Undergrad: 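There's a structure below that I have some questions on.
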Protein chains: 2
Amino acid sequence: MTGIHEVATRAGVSTATVSRVLSGRGTVAPATRERVQLAVAELGYVVSSNASSLATGRTRNVGVVVPFLDRWYFTSVVEGAQAALQRHGFDLTLYNLRGGGRAGVFDHFLHRKRVDAVVAIALELSTGEIQRLLDMNKPIVGVGGPLPGVRTLSIDDIEVGRLATEHLLSLGHRAIGHIGGDPESETDFHVPSYRRTGYQLALEAAGVPIDPALDLNADFTIQGGYAAARRLLSTPVRPSAIFAASDEMAIGAILAARDLGLRLPDELAVIGVDDHPLAAFFGLSTVAQHPAEQGAQAVEILIEELLRTGDEPSAFDTPIEFRLIVRESTARLPSL
Amino acid sequence: MTGIHEVATRAGVSTATVSRVLSGRGTVAPATRERVQLAVAELGYVVSSNASSLATGRTRNVGVVVPFLDRWYFTSVVEGAQAALQRHGFDLTLYNLRGGGRAGVFDHFLHRKRVDAVVAIALELSTGEIQRLLDMNKPIVGVGGPLPGVRTLSIDDIEVGRLATEHLLSLGHRAIGHIGGDPESETDFHVPSYRRTGYQLALEAAGVPIDPALDLNADFTIQGGYAAARRLLSTPVRPSAIFAASDEMAIGAILAARDLGLRLPDELAVIGVDDHPLAAFFGLSTVAQHPAEQGAQAVEILIEELLRTGDEPSAFDTPIEFRLIVRESTARLPSL
DNA sequence: CTGAAAGCGCTTACAG
DNA sequence: CTGAAAGCGCTTACAG
């Protein structure tokens with residue numbers, strides 16, 4: 001374990017100078033700098049992050065908190081954030097709330113001063129949780145929904161639901177089914193509820209009565225979407241189109257339609273949300289969100305916030321882009 | 001930012017005593033202990049991990065290195081490891097090699113003394129990488145393949161391939177196709193190659209000639225499996241069964257069979273590897289591995305190793321369990 | 001441009 | 001059972 005001392009000795013300077021060279025702060029004569037850099041390289045010296053963090057109060061580490069990891073959206077946000085952090089020389093410490101103990105994570109793990117900042121993904125932090133984080137002077141960025149008093153990046157899920165539904169309406173569909181999220185799969189931000197609201201608003205605006213029989217819940221998986229779609233497609237008033245609140249559920253619906261011998265898009269149109277990697281494969285029309293970019297964007301905001309020392313943290317919401325992608329799963333309702 | 005000093009003052013003791021109470025090391029009179037605990041609770045004090053780590057040389061943080069995150073296997077291992085670490089009060093710092101800069105990760109990130117130990121998932125570390133890690137006295141556990149000089153948990157992919165193929169052989173199949181991994185999706189451990197070897201060994205043992213036309217590559221995704229299966233099923237010598245090196249590719253094969261109007265399992269039997277969450281939904285027979293448990297097991301080994309101070313690190317391979325699960329996608333070859 | 005020294009917030013022999 | 005003090009390995013005013 002080479003320490004800064006050995007480097008200093010080898011380069012014939014003080015540890016202070018080594019530190020200056022390594023951090024880039026302060027002035028060092030070019031010749032000195034080179035001697036130090038040589039010594040560092042020869043010894044393979046790497047600064048101890050603990051000692052450095054203790055002295056500076058900065059860890060160059062960001063905590064990323066997710067409710068769970070095994071959904072495409074979360075994995076993608078984390079990968080995007082990770083790549084961005086790495087570019088900036090930051091580490092990423094991952095907190096997964098599913099492991100149990102949300103309280104533990106917030107009261108303990110995050111307070112150890114191991115992180116400079118936190119990215120909270122699809123998490124509705126309580127006032128207390130936010131307050132504790134802010135008290136510690138740690139920038140927070142929330143991804144996935146607005147958070148009072150916190151800088152956030154969020155998608156307008158009502159508009160997402162409306163956009164998807166309006167697409168179906170514009171194609172002439174009137175009997176439009178919906179597969180939303182069940183209560184268990186609600187994230188903190190009630191994403192499914194908002195998408196459902198958008199669906200209902202679009203129908204209302206088009207003068208289409210809302211039929212509760214056409215609105216079912218599932219668990220955001222292909223399996224769940226399949227089961228819901230089978231029920232939806234077995235009713236006497238079979239819908240001509242389905243809007244599913246996620247691509248995976250939409251894919252389940254496509255598989256259900258196939259099993260029932262229904263041809264897409266003529267006998268059933270389907271649209272999802274996400275632009276999941278499988279969406280193109282299934283020819284699925286969807287409202288694309290770009291989770292990896294959301295993660296990267298959250299990190300950029302955080303880094304900026306960390307550099308802007310002193311100021312009050314910003315606390316507004318930045319809307320995330322989304323975009324309709326039309327593929328083969330949706331088409332104009334065939335005139336009968 | 002309450003420090004240990006404030007706690008000590010409030011409890012009317014020295015910081016040494018507070019430290020003893022918090023760490024559980026050393027003896028403290030019960031009454032004193034209670035006073036300290038009360039002060040800690042009242043102030044919401046949490047030990048600074050940097051200061052503590054600097055003083056003890058222990059970080060209570062484990063680095064987990066993955067080649068990428070967006071495959072079910074990796075996500076599951078990470079979730080399993082995370083949950084186990086959290087139970088032990090450890091944090092998890094995630095390093096993703098896809099972000100670029102494998103060198104950076106090993107030469108720099110891991111050397112900052114930010115982690116006590118590392119879990120390397122499906123990574124074939126070079127001798128140099130291993131040496132540097134061992135030089136730092138950090139236990140390493142590799143998951144997914146054997147690593148010279150390192151404690152590992154690994155699955156015998158040759159046996160996995162053999163088991164899957166033997167299952168098909170035992171059902172009377174002789175024209176057995178294979179969908180393996182293409183070079184790009186080879187992890188460091190050449191998992192696909194080994195599974196292919198097992199496939200070939202099983203065929204040879206059964207006296208079935210190996211037909212290269214029945215052996216294709218794909219990229220471990222549903223899409224890739226679909227494309228490969230379509231080619232496989234369009235040959236004059238259409239196989240009666242397919243062994244795919246992952247469930248996702250196997251699912252692609254099932255979808256391809258459906259599109260071609262082939263009924264499973266009578267007109268085509270399919271088996272995969274993983275026991276992916278979608279396997280049951282598709283009625284897919286498979287060789288199950290249990291990635292979340294692999295992650296958890298790796299952590300348990302690491303923690304044990306961290307407690308066993310002084311000793312030489314252990315450096316052997318523990319085979320990971322796998323198991324044949326028969327579902328509806330495989331059945332006895334119908335006698336013609 | 002550079003060094004001596006204090007300090008970051010803990011832990012742990014050591015002494016009592 | 002408990003406290004005073006040294007030390008973990010850096011960084012950074014301060015002085016020169």
Side-chain angles (χ1 to χ4, degrees), chain A residues 1-37 39-40 43-61 89 108 111-116 136-138 309, chain B residues 1-37 39-40 43-61 89 108 111-116 136-137 306 309:
Chain A
M1 300 310 83
T2 30
I4 198 173
H5 231 96
E6 298 179 48
V7 178
T9 308
R10 186 177 195 105
V13 296
S14 72
T15 60
T17 297
V18 176
S19 182
R20 283 189 199 102
V21 172
L22 258 24
S23 71
R25 274 182 286 274
T27 46
V28 180
T32 315
R33 176 183 307 281
E34 274 176 32
R35 281 214 314 286
V36 170
Q37 280 163 343
V40 166
L43 294 169
Y45 171 71
V46 177
V47 175
S48 153
S49 68
N50 288 130
S52 176
S53 298
L54 184 57
T56 62
R58 290 248 171 266
T59 62
R60 297 189 77 78
N61 188 30
H108 222 89
H111 284 170
R112 290 188 191 159
K113 297 181 185 124
R114 185 164 275 165
V115 301
D116 284 341
M136 299 171 70
N137 240 313
K138 297 206 185 309
T309 46
Chain B
M1 299 312 83
T2 31
I4 200 173
H5 232 96
E6 297 179 49
V7 178
T9 308
R10 186 177 194 107
V13 299
S14 71
T15 60
T17 297
V18 175
S19 182
R20 282 188 199 103
V21 170
L22 259 23
S23 71
R25 273 183 286 276
T27 45
V28 181
T32 315
R33 174 183 309 280
E34 273 176 33
R35 281 213 316 285
V36 171
Q37 280 163 342
V40 166
L43 294 169
Y45 170 71
V46 178
V47 174
S48 155
S49 68
N50 288 130
S52 176
S53 299
L54 184 56
T56 61
R58 290 250 170 266
T59 62
R60 296 188 77 78
N61 188 30
H108 221 89
H111 285 169
R112 292 188 189 156
K113 297 184 183 118
R114 187 165 274 164
V115 302
D116 285 341
M136 301 171 70
N137 239 314
L306 286 173
T309 47

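The sequence lines fix the lettering, A, B, ..., with proteins before strands; numbering per chain opens at 1. Since this is a predicted model, take the numbers as computed values, not measurements.
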Undergrad: Ignoring the backbone of Ile4(B), work out which of dT12(D), dG3(D), dT11(C) is nearest its side chain.
TA: dT11(C)

Undergrad: In dot-bracket form, how is DNA chain C paired, counting a Watson-Crick or G-U wobble pair only if both its distances are under 3.5 Å and using | for bases paired to another strand?
TA: |||.||||||||.|||

Undergrad: Within this structure, what is the CZ-OG distance for the pair Arg114(B) and Ser49(B), rounded to the nearest 0.5 Å?
TA: 9.0 Å

Undergrad: Quick check on dC10(D): is either OP1 or OP2 less than 4.0 Å from any side-chain nitrogen or oxygen of Tyr45(A)?
TA: yes

Undergrad: With respect to the side chain of Ala55(B), which nucleotide from dG9(C), dT2(D), dC10(D) is positioned closest?
TA: dG9(C)

Undergrad: Looking for any heavy atom pair under 4.0 Å, which part of the strands does Ala16(B) touch: base, sugar-phosphate only, or nothing?
TA: base

Undergrad: How long is the gap from CG on Asn50(B) to CZ on Arg58(A), to the nearest 0.5 Å?
TA: 12.5 Å

Undergrad: Between C1' on dT11(C) and CZ on Arg60(B), what's the gap in Å once rounded to a whole number?
TA: 15 Å

Undergrad: Taking all atoms of both residues into account, what is the closest heavy-atom pair of Asp116(B) and Arg60(B), and its distance?
TA: OD2-N, 2.8 Å

Undergrad: Roughly, in whole Å, what's the span from CZ in Arg114(B) to C1' in dC10(D)?
TA: 14 Å

Undergrad: Roughly how far, to the nearest 0.5 Å, is the CZ atom of Arg20(B) from the CZ atom of Arg33(B)?
TA: 11.0 Å

Undergrad: Regarding Thr32(B), tell me which of base, sugar-phosphate or nothing describes its non-hydrogen contacts under 4.0 Å with the strands shown.
TA: sugar-phosphate

Undergrad: Please state the C1' separation for the pair dT12(C) and dG16(C) - nearest whole angstrom.
TA: 16 Å

Undergrad: Under 4.0 Å, counting only non-hydrogen atoms across every strand here, what does Thr27(A) touch: a base, just sugar-phosphate, or nothing?
TA: base

Undergrad: Please tell me if Ser52(B) has a side-chain N or O lying less than 4.0 Å from either OP1 or OP2 of dC10(C).
TA: no

Undergrad: Restricting to non-hydrogen atoms, name the atom on Ala8(B) and the atom on Thr15(B) that form the minimum distance, rounded to 0.1 Å.
TA: CB-N, 3.7 Å

Undergrad: Just the rounded figure in Å: distance from P of dC1(C) to CZ of Arg33(A).
TA: 9 Å

Undergrad: Look up atom CG in Leu43(A) and atom CD1 in Ile4(A), then write down how far apart they are to the nearest 0.5 Å.
TA: 12.0 Å

Undergrad: Check the distance between dC8(D)'s P and His5(A)'s NE2 and give it to me in whole angstrom.
TA: 11 Å

Undergrad: For Gly26(B) and for Thr56(B), locate the closest nucleotide of DNA chain D by heavy-atom distance; then report the residue assigned to the nucleotide nearer the 5' terminus.
TA: Gly26(B)

Undergrad: Starting at the 5' end of DNA chain C, which residue's closest nucleotide do you reach first, Thr15(A) or Pro30(A)?
TA: Pro30(A)

Undergrad: Round to a whole Å and report the spacing from CG of Leu54(A) to P of dC10(D).
TA: 12 Å

Undergrad: Could you tell me whether the side chain of Glu6(B) reaches within less than 4.5 Å of the side chain of Arg10(B), counting heavy atoms only?
TA: no

Undergrad: Distance check needed: dC10(C) C1' versus Glu6(B) CD, whole Å only.
TA: 14 Å

Undergrad: Looking at Thr17(B), I'd like to know whether one of its side-chain N or O atoms comes within less than 4.0 Å of OP1 or OP2 on dT2(D).
TA: no

Undergrad: Provide, to the nearest angstrom, the distance between the CZ atom belonging to Arg58(B) and the P atom belonging to dG7(D).
TA: 22 Å

Undergrad: How many Å lie between CD on Glu34(A) and P on dT2(C), as a whole number?
TA: 12 Å

Undergrad: Can you see if the side chain of Ser48(A) gets near the phosphate of dG9(D) - specifically, an N or O under 4.0 Å from OP1 or OP2?
TA: no

Undergrad: Hey, which of these two, Arg20(B) or Asn50(B), hits DNA chain C nearer its 5' end, going by closest nucleotide?
TA: Asn50(B)

Undergrad: For the side chain to side chain contact (heavy atoms under 4.5 Å, CB included) test, which of Val18(B), Thr17(B), Val13(B) pairs with Val28(B)?
TA: Thr17(B)

